[in-house]
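To start, the structure under review is shown below, and the notes come after it.
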Amino acid sequence: QDKTDINFRLDWSIYGSHAPFYLALQKGMYSDAGLNVTIGEGQGSATVAQLIAQGQDQLGFVDFGTMARGVEQGMPVTAVMRVISDVMCIISHADAPITEPKGLEGKVVAFAPSESTALVFPALLASQEVDPASVSVLNPAFGAKNAMFLQKRADAIPGNYNVQVAQLEGQGAEVEYFRFADFGLRQMNNGIIVNNSFKDANPEALKAFLEVTAAAFEQATADPEVAVDALIEVLPEQRRNRDVLLRQLVLTADSYKTENTQDKPFGWMEAKDWEDTQHILTEYGGMPRSLPVEQFYTNDFLPES
Amino acid sequence: MSELINIKGVSKRFDELLALDNINLTVRDGEFVAIVGSSGCGKSTLLRLIAGLLPTSEGIVEVNGHKVKGPADDVGIAFQTPVLLPWRSVVENVSLQLEVRKLPKAKYETELRRLIELVGLNGFEDRKPYELSGGMQQRVALCRALIHNPALLLMDEPFGALDAMTREQLNLELQRIWMETRKTIVLITHSIIEAVFLADRVVVMSPRPGRITKIIDVPVPRPRSFSGLGDPAFQAACDEVRTLMNASGLTE
Amino acid sequence: MSELINIKGVSKRFDELLALDNINLTVRDGEFVAIVGSSGCGKSTLLRLIAGLLPTSEGIVEVNGHKVKGPADDVGIAFQTPVLLPWRSVVENVSLQLEVRKLPKAKYETELRRLIELVGLNGFEDRKPYELSGGMQQRVALCRALIHNPALLLMDEPFGALDAMTREQLNLELQRIWMETRKTIVLITHSIIEAVFLADRVVVMSPRPGRITKIIDVPVPRPRSFSGLGDPAFQAACDEVRTLMNASGLTE
Amino acid sequence: MKGFLYPFATFVLFILGWHVLATYTDIPPYLLPTPTAVVERIYEDFPFLMRNAWSTTYITLCGFLLSVVIGIPLALAIVSSNLLDRAIMPWLVLSQTFPKVALAPLIVVWFGLGLWPKVLVTFLVAFFPIVISSVVGLRSMEREMLELAASMRASRLQLFWKFRMPLALPSILGGIKVSVAFSVVGAVIAEWVGANVGLGYLLLSANANLDTSLLFSVLIFLTVIGIVLYYSVEFAERFLIPWHATQRLKETPSLT
Amino acid sequence: MKGFLYPFATFVLFILGWHVLATYTDIPPYLLPTPTAVVERIYEDFPFLMRNAWSTTYITLCGFLLSVVIGIPLALAIVSSNLLDRAIMPWLVLSQTFPKVALAPLIVVWFGLGLWPKVLVTFLVAFFPIVISSVVGLRSMEREMLELAASMRASRLQLFWKFRMPLALPSILGGIKVSVAFSVVGAVIAEWVGANVGLGYLLLSANANLDTSLLFSVLIFLTVIGIVLYYSVEFAERFLIPWHATQRLKETPSLT
Ligand SMILES: Nc1ncnc2c1ncn2[C@@H]1O[C@H](COP(=O)(O)OP(=O)(O)OP(=O)(O)O)[C@@H](O)[C@H]1O
Ligand SMILES: Nc1ncnc2c1ncn2[C@@H]1O[C@H](COP(=O)(O)OP(=O)(O)OP(=O)(O)O)[C@@H](O)[C@H]1O
Ligand SMILES: [Mg+2]
Ligand SMILES: [Mg+2]
């Protein structure tokens, strides 16, 4: 049959929030919708955005901040579905909890220069008038950040609570965290972006993909275990991470809505959210200019419900 | 006989060192010329100039009427050191000459065996150079220079590392080969007797800067044999070279 | 005189090749022994065994009453090939011997200059080996073997690449040095006259497997000179070696 | 037999040290798993690891062969002309001074996500040692041998095949040994950009999931691949250059 | 003078090609910025880039020197005994077959984030070519020269300093050339392991921020560092081994 081929690329190696995509894949939901979907893992949103801009992959799951920068530089991509928002957080040890930005003063914080949190971190400090000089920042490699935290070489690490918290707990650590959003730094994180020519050429397929995906997320929220097991079915080597994946997926459920989209369907994007996100980038992230936010996204392909 | 090699006013300079100074020498086609001279007087350099392996600093070298610009075809050279390829066996080192010149190996097979036999290397055909004695290596190089039966043979002390007996045998062989094939041969040697025994003319060189002191004719009829060395013409030639070279001639 | 070198029933085998077979030879302290033999008969191998550079396959070599296990002290060796270090100049190559043996260079300075002068390399002190002719390189190696005035001198065709005159000069020099310092010298040579002229005894070897055919005494009084070579004892010794070596002796 | 005693001994010592470190010190398993945990992991996931290892090995071999096939002629070009040397060499040096992953997006965009871009990355990581070693080897021809070749009127091709190349082989093989080890790491890096299979891919996800027993399993597989390939070259050496001092005198490193 | 014409010509050609590619094809600026954009960026941020470049250069040099200082003795050990060869070599190969960043957590936790862990990573990336080339060079001593040394009763140290080492220099310098280029990339990788300054650090954030003009500025700085270091070694070569065929016969590559 003539199913539409879609290469869908994730932002990173597998973590729990990816499970709904695999649920849809494994249950044949994509296939039933006339799509021939393959899912690939990624190595950071920047690279994934480039892959999609160049049409190597049609769709991807990337950080919206990174994508916005890409669009500013002329990447032909558009955000079509918001998935995760306001997950950035500061994680600290439960026995020495840090619950607000002020608490970071005099503490050691570690993060990789390539993380998207690295960019927003100065914004967090600035928003609460914390002197950046009072926080000692270490920049280890991405993989070494968690190790430093677990070793208590770092008092706190920025991260996405849907990813790192479960990982650290999986290693036996007891952690505390507070969200950037609680201190006014609202930001959309991950969502689905599409290559513009694919979007224009295959609107129906795109719609179908988003509809299935939204449904899959709904099912996964209702029964996370089934979703994680579906992922493991596809990627059996993930079976020993089941607990962590499950916890990640459960934690993710809190992030599907932003303040401005409480009554909107899954995936819906508000101009205000995009403006907030872009504001942080232009203010702290070195993005040279702001664009009219309509250039970034469209809700046209979302399923009506 | 026509002139094969024509060296006209050739000088060779290595930086500030004048190795050869105004050399003039003609070698006729089919002639056997020996060059003698003290160590470091420029014999090997002269041979390299003739072979087209070095450019002259002044003057020109002509081979076959053409100015030498690079190595000529149909030449066989035995260098002062054996220069064997360490990864090739004795036979392979000899047949290198055939391979590079794209000559059919099969055709030269018997000649190769004959040469190996002649220089007494039978039994060592498949040995690598590091398994050979100094003299044996030199003999391999000799075979390599002869195998393709070149019209011009340039030899730089080819028998220097050989014992008296082997040397005499090979001298006789070389004379036989020369008489049969009428090659042109230029032979550098430290043995005055060898030079006189083999050559039509002996070129005596003086050292630093290398000049030709004299060219001595050896009017002894061929084939020459070692028993006939009492010949007065032969003795006269030897004595003349010895006097020119300032040697008593007894230890050579 | 005491025995310095004592070779007892020595054989040397390279895989299936028997290079030396049951060699027995004694060299007295202060004696000058020459070794002659056809190319490939095992002369260099024998020298290596004495120098402790190769282990014997059978039998033992004693130097100074001790079994040879490695290179002995106070030995000077001139190898068959010059083996110069290409990164060192002439003088540096000679003084390498001093450096490695930790001898004070300053003390040997005049001796070094004298040797360089003696072999006719003055003016080339600071040249690198690749700028030297074959014979010049050999002379550098000779200086290197002599510079530290060793008690035992092992020489493998040290004059092979030299012209008659230089060779004669150096023969006389070697005799003078020997008479003055009473070293023990073992000399390998292809020149029968050189062997007889210089040595107290000449060891004649036969090829494959290398055996000692005969050891010939040379009862000619010292100092010997080239003018005195008509001496019947000298001629007799020469003739005997020649006969043993199957050479007419005229081209050597 | 005796020759294998020492490497085996150091191996046992290493494992022991690792075991002690992982068990008796307070280094936690997310930094250093115990050897037994790693062995267990390898045992459990063996088919899975093998499948991924095969993919990486394939890229390694392709990249390595490409390095040889392009590196040696490149060296020949450099040796054969000073102009080429000056014109090419800076670009080769350039190609070495930045991490290949930094160019990954460009490579992916131009060449896609298939096998070839990965082989290309591996090649970029592995070819340079071969070029430099080959240049050293090919240039190390003494005047005498050059003259011999010239006197036989050897063509450029013959000069290369019959003289320079065999003479340079010991040096070239040295470069190849470095290159073969680097090919493995090159293949891993190549798999960091858009691969869904391979040890490099596993390394990434092990790193992301703090799955150190998988990380170390992968490292062990990489090491095995590297060592097997390295000693294959060393083995080949014995047949290719038995005449050379590096081989001939191996057993008598010193006469003193 | 004339010698610099060709590399200069290829350079101009390269820039031209780049310009055409970036301007007249549809390759977007987030993949390939125009040369002018990069030049502007370098001009604007020059002091900033220089500061970071200096930090990277420092690590590069330290790591490179450590590679030389440890690599050559290591090679000597390997050459001096077959047992050591068999015992050490597998571990050296092992150290080469995985990407150094994979061990970042261990390195950071054990050695922290100071200068030394970075130098160590650079060393790990750069030392192997020196070892292998030195081994080839040190082993390439012919029986004759070994015998000469032995006949003079050269000690092990003398054998090394007066014979093996000078003889091996051409080959060692080949290894050093590879190593110096790798040191640069090693320093970048070292900065990935943990740094908040340096070209490696900039590379990461440029990559994450899709800041391609910064990315290319960094690549250009890396290239300049690498090429300067490489040609410094080549320059040193002329003084260290003027006697060797690689130097002596450079100008007459072929007699035919
Ligand atoms: N390393 C080696 N491996 C194998 N065979 C060898 C080795 N060295 C010498 N031989 C063999 O031993 C025999 C004697 O060699 P040696 O070098 O002692 O001869 P020689 O008498 O010095 O000859 P020449 O006068 O030609 O130098 C030769 O047949 C040679 O092939
Ligand atoms: N490549 C070179 N560079 C510099 N000088 C050289 C070079 N080749 C030869 N010479 C010099 O030229 C002179 C003549 O050398 P050549 O090799 O021709 O002498 P030769 O007559 O063959 O001596 P021998 O009988 O010792 O071989 C010598 O003084 C030597 O130092
Ligand atoms: Mg000469
Ligand atoms: Mg010999």
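A note on names: the letters A, B, ... follow the listed sequences, proteins ahead of strands, and every chain is numbered from 1. What you see below is based on every heavy atom in this structure, not just the backbone, and it leaves out hydrogens, waters and symmetry mates.
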Taking all non-hydrogen atoms of both residues, which atom of E:Ala102 and which atom of D:Leu203 are closest, and how far apart?
-> CB-CD2, 3.8 Å
Could you tell me whether the side chain of D:Phe128 reaches within less than 4.5 Å of the side chain of E:Pro129, counting heavy atoms only?
-> no
Quick one: are E:Tyr230 and D:Ile132 in side-chain contact, heavy atoms under 4.5 Å?
-> yes
Do you know which of [options] has the most heavy-atom pairs with chain E at a distance under 4.5 angstrom?
options	answer
D:Tyr231, D:Phe182, D:Phe98	D:Phe182
D:Thr212, D:Leu173, D:Leu94, D:Val93	D:Val93
D:Ala206, D:Gly186, D:Ala181	D:Ala181
D:Ser151, D:Pro99, D:Ala87, D:Gly174	D:Pro99

Checking D:Leu215 against chain E: side chain, backbone, both or neither under 4.5 Å from a heavy atom?
-> side chain
Relative to chain E, which segment of D:Phe11 carries a heavy atom at a distance below 4.5 Å: side chain, backbone, both, or neither?
-> both
In a table with atom names and distances, give each donor-acceptor pair under 3.5 Å that connects a side chain of residues 218-228 of chain E to protein atoms at least two apart or in another chain.
| from | atom 1 | to | atom 2 | distance (Å) |
| --- | --- | --- | --- | --- |
| E:Thr223 | OG1 | E:Leu219 | O | 2.9 |

Under 4.5 Å heavy-atom distance to chain D, tell me which part of E:Phe163 shows up: side chain, backbone, both or neither.
-> neither
Side chain, backbone, both or neither: which part of E:Leu199 has an atom under 4.5 Å from a heavy atom of chain D?
-> neither
Could you grab the distance from atom OG of E:Ser133 to atom NZ of D:Lys177, nearest 0.5 Å is fine?
-> 10.5 Å
